[in-house]
Student: 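Have a look at the structure that comes next, please.
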Amino acid sequence: MASLLSDEEIEQQKPDDWERDGDEIVRTYEFDDYLKGVAFASEVGEVAEEEFHHPEIIIGYKEVEVRLTSHEEGGITDTDVEMAERFDDVR
Ligand SMILES: C[C@H](O)[C@H](O)[C@H]1CNC2=NC(N)=NC(=O)C2=N1
């Protein structure tokens, strides 16, 4: 079970394009068209299932919002940071 990161660790460790929002880190990815966003969300889901750590994924028009938190720990852990980096690699 991963341990919760401190406020300072979150700021230091979160990938550049991610923001902290309470107990979550979040990034909104933008796309040229809606279906590219849908395809991206599906790939994110594949990685999440592979790692068994699941984000909230909100598919909008030409954008996809991804939110990560560690539910069992009740906040942000290094698993969330690692998953954010994995999702950025999918992009
Ligand atoms: C029982 C628990 O839901 C599972 O162990 C996994 C599933 N996916 C998960 N995803 C996330 N984001 N946090 C979790 O704590 C988590 N737990």
Side-chain angles (χ1 to χ4, degrees):
M1 191 159 168
S3 55
L4 292 176
L5 299 178
S6 68
D7 292 346
E8 187 178 355
E9 287 170 328
I10 294 166
E11 283 310 311
Q12 286 171 347
Q13 295 181 30
K14 69 176 182 58
D16 290 344
D17 295 314
W18 289 73
E19 298 301 323
R20 189 214 180 135
D21 183 7
D23 284 340
E24 299 175 317
I25 55 173
V26 58
R27 181 178 178 181
T28 299
Y29 298 84
E30 296 183 358
F31 298 89
D32 296 339
D33 68 58
Y34 177 73
L35 289 180
K36 286 180 181 167
V38 172
F40 171 74
S42 178
E43 287 183 68
V44 165
E46 293 285 337
V47 172
E49 191 62 10
E50 180 184 297
E51 301 300 331
F52 207 56
H53 193 81
H54 304 86
E56 182 181 28
I57 305 171
I58 302 164
I59 299 172
Y61 180 61
K62 296 188 179 181
E63 64 177 32
V64 175
E65 181 180 274
V66 180
R67 290 182 166 270
L68 278 160
T69 191
S70 295
H71 300 298
E72 290 176 41
E73 291 83 0
I76 300 164
T77 69
D78 55 5
T79 304
D80 298 305
V81 171
E82 288 158 18
M83 294 302 291
E85 291 164 347
R86 289 284 305 273
F87 297 159
D88 286 351
D89 291 344
V90 168
R91 176 70 172 100

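Every number for a ligand or one of its atoms is a count from 1 in the order of the listing.
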Student: Looking only at distances, please establish whether an N/O atom of ligand 1 is found under 3.5 Å from an N/O atom of H54.
Tutor: yes
Student: Does the pair V26 and L68 meet the rule for a side-chain contact (heavy atoms from CB on, under 4.5 Å), with working shown?
Tutor: CA-CA 6 Å; V26 58; L68 278 160; over 6 Å; no
Student: Considering both backbone and side-chain atoms of H71, is one of its nitrogen or oxygen atoms within less than 3.5 Å of a nitrogen or oxygen in ligand 1?
Tutor: yes
Student: Tell me every residue that passes side chain to side chain contact (heavy atoms under 4.5 Å, CB included) with K36, counting only those two or more places apart in sequence or in another chain.
Tutor: F31, D32, D33
Student: Heavy atom under 4.0 Å from ligand 1: found in T69's side chain, backbone, both, or neither?
Tutor: backbone
Student: Is it true that R67 and E19 make a salt bridge, defined as a side-chain N closer than 4.0 Å to a carboxylate O?
Tutor: no
Student: Give me the atom names and distance for the closest heavy-atom approach of R27 to D88.
Tutor: NH1-OD1, 2.7 Å
Student: Evaluate E72 for polar contact with ligand 1, using N/O atom pairs at a separation under 3.5 Å.
Tutor: yes
